[in-house]
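In each ligand, atom 1 is the first atom listed, and ligand 1 is the first ligand listed. Note that the numbering runs from 1 along the sequence shown for the chain.
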Amino acid sequence: MNNEMKIRAAKLLHHRKKTLQKGDPVSPPLVTATTYHLPDIQEAPFLYGRNSTPTISTLESQLSMLENAPTVAFSSGMAAISAALFAVLKSGGKLILPSDGYYVTRRLAHEFLATFGVDVIEIPTLSFENADFTQVDVVYIETPSNPGLDLVDITAISQRAHDAGAKVIVDNTTMTAFLQRPLDLGADLVVCADTKAPGGHSDALLGHVSGYDNALMARVSDWRRLSGSVPGGLEAWLVHRGIDTLELRLSRMCDNAEVIAQRLANHPKTLNIRYPGLASDAAHQIATRQMDRFGFLIGLTLASEKSAEIFLSRCDMLSQATSFGSVHTSAERRARWGDEVDPGFVRLSIGIEPVEALWTAISDAL
Ligand SMILES: *Cc1c(COP(=O)(O)O)cnc(C)c1O
């Protein structure tokens with residue numbers, strides 16, 4: 001991680017200091033109150049729980065520091081993605097999104113945005129590089145794509161999208177701001193499912209939207225209040241706690257993933273490994289340019305559906321779950337959800353286990 005991000009990680013652990021009065025709790029209180037004492041409404045910091053609460057506001061200060069940009073928190077990653085898309089798109093508008101991207105975002109676009117008159121176009125992540133953005137309103141990027149782990153150059157795409165008058169939204173869930181900062185590379189909005197690595201313990205749904213454009217962020221914030229997609233107090237509190245250790249966890253997860261990807265690549269039972277940190281990976285060049293580290297997701301192809309399922313059930317240190325970014329290493333065969341991948345393709349999300357114990361479990365199962 002670069003030096004600036006190390007300083008940011010350190011500052012994040014002390015972000016509440018300036019707001020504390022003598023006797024205040026050092027860790028943020030969990031406030032679940034929906035109503036606030038309002039003898040009059042002038043300059044009241046909190047009005048009603050759907051607008052915000054002290055716990056949400058504390059989390060947003062922390063997230064704004066992490067992203068180095070104004071940030072609004074939502075009840076889930078999808079709630080954040082909905083806010084970003086509904087904030088920018090209008091009837092008659094045109095949206096380009098990756099056909100190999102997060103499935104739920106694509107369904108939202110086709111089943112709701114399209115019925116409101118938005119032209120929804122899906123193209124593979126690798127085709128963004130040469131796609132025509134004329135008349136496009138939103139270019140929506142996920143890099144690395146999930147689960148295929150293809151990459152696109154955010155700077156180049158943002159430049160071309162802006163030349164065509166389009167806004168750029170990047171789903172940065174697989175990376176987080178510690179590993180990749182789309183706003184610095186030209187994106188207009190970044191969205192993240194904090195349900196994954198930022199929460200980090202598979203026990204809270206939450207998401208956020210960040211951006212420098214005040215008018216856009218005001219729409220994002222209105223969307224939350226009007227649609228009611230505000231995070232719960234407990235979730236905001238859990239994610240705040242999660243982010244205290246995010247840099248530490250990511251650093252172990254990336255260290256582990258680098259070792260495991262290399263060893264898997266040399267293993268006789270594997271047909272193919274995708275990991276942007278491998279010098280042989282098709283995405284390695286772009287990865288070195290725009291990512292601080294190569295992340296914790298590995299694409300592993302085994303001989304068949306059967307060998308993949310046996311591997312998953314045999315390994316004691318893989319939780320068989322969908323989702324990723326938790327402290328526990330987890331894995332699943334993505335074709336079971338209909339992703340267009342090889343039947344033997346497994347997405348591995350590497351956790352924080354000490355690496356030799358983890359590798360022993362993985363290689364024994366292989
Ligand atoms: C999980 C995920 C989301 C959605 O997050 P939820 O909190 O489950 O709504 C969006 N984008 C990506 C890339 C994800 O992995």
Side-chain angles (χ1 to χ4, degrees), residues 56 59 63 67 71-86 95 97-113 122 124-125 128 138 140-152 154 168-177 179-180 182 187 189-210 220 223-224 227-232 234-236 238-239 242-243 246 250 253 274 276 291 295-299 319 321-326 330-332 334 337-339 341 347-351:
I56 295 171
L59 171 69
L63 288 171
E67 295 283 1
T71 295
V72 181
F74 287 87
S75 52
S76 68
M78 281 316 303
I81 289 167
S82 306
L85 291 172
F86 279 88
L95 163 69
L97 78 177
S99 56
D100 47 352
Y102 193 62
Y103 174 65
V104 189
T105 308
R106 289 188 280 131
R107 282 202 55 192
L108 172 75
H110 287 294
E111 288 177 30
F112 288 90
L113 294 171
E122 285 191 20
T125 292
F128 274 68
V138 172
Y140 187 96
I141 304 175
E142 277 179 60
T143 176
S145 66
N146 168 28
L149 303 182
D150 284 325
L151 267 61
V152 285
I154 299 173
V168 177
I169 303 176
V170 178
D171 182 335
N172 202 35
T173 301
T174 55
M175 290 277 102
T176 84
L179 305 181
Q180 170 173 278
L189 292 176
V190 64
V191 294
C192 181
D194 298 290
T195 309
K196 312 294 166 57
H201 297 71
S202 313
D203 54 11
L205 280 168
L206 198 128
H208 72 261
V209 181
S210 306
V220 166
W223 173 265
R224 182 179 80 179
S227 70
S229 44
V230 68
L234 176 62
E235 285 75 12
L238 282 169
V239 170
I243 289 173
L246 180 58
L250 284 172
M253 287 154 77
R274 283 304 304 266
M291 289 151 60
F296 49 83
L297 294 178
I298 299 173
S319 60
T322 195
S323 194
F324 56 82
S326 187
S330 68
E332 71 171 336
R334 287 299 303 184
W337 296 107
D339 283 0
V341 290
R347 182 184 64 199
L348 269 175
S349 170
I350 301 296

Atom 4 (C) of ligand 1: the protein heavy-atom neighbour that sits closest, reported with distance to 0.1 Å: Y102 CE2, 3.5 Å
In terms of atom number and element, which parts of ligand 1 are under 4.0 angstrom from non-hydrogen atoms of D171? 10 (C), 11 (N), 12 (C), 13 (C)
Are the side chain of T143 and the backbone of V152 linked by a donor-acceptor contact shorter than 3.5 Å? yes
Donor-acceptor under 3.5 Å (S326 side chain, G200 main chain): yes
Has ligand 1 got any nitrogen or oxygen that is less than 3.5 angstrom from a nitrogen or oxygen of T105? no
With only distance considered, is T195 within less than 3.5 Å of ligand 1 through an N or O on each side? yes
Counting N and O atoms only, with roles assigned by atom type, does the side chain of S349 sit under 3.5 Å from a partner on the main chain of G325, one being a donor and the other an acceptor? yes
Any N or O of I81 that comes nearer than 3.5 Å to an N or O of ligand 1? no
Distance from atom 6 (P) of ligand 1 to nearest protein heavy atom, with residue and atom: G77 N, 3.4 Å
Using only atom types and a distance under 3.5 Å, with no angle test, would you say the side chain of S229 pairs donor to acceptor with the backbone of F74? no
Run the contact test for T174 against ligand 1 with a 4.0 Å cut-off on heavy atoms, strictly below, and give the result. no
Under 4.5 Å between any side-chain heavy atoms of E67 and V209, yes or no? no
For ligand 1, which atoms sit closer than 4.0 Å to a heavy atom of A193? 2 (C), 3 (C), 4 (C), 5 (O)
If you measure every N/O of M78 against every N/O of ligand 1, is any gap under 3.5 Å? yes
Taking only heavy atoms of E142, which atoms of ligand 1 are found under 4.0 Å from at least one of them? 13 (C)
In terms of relative ring orientation, are W223 and F86 parallel, tilted or perpendicular, with 30° and 60° separating the classes? parallel
Proximal atoms of ligand 1 relative to N146 (non-hydrogen, under 4.0 Å): 15 (O)
Element-labelled atoms of ligand 1 that are located less than 4.0 Å from some non-hydrogen atom of F324: 15 (O)
Side chain E142, main chain Y102, donor-acceptor under 3.5 Å: yes
Any donor-acceptor pair under 3.5 Å from S145 side chain to D150 backbone: yes
For atom 14 (C) of ligand 1, what's the nearest protein heavy atom and its distance? K196 NZ, 2.9 Å
Looking only at atom types and distance, does a side-chain atom of R274 sit under 3.5 Å from a main-chain N or O of L149, one as donor and one as acceptor? yes
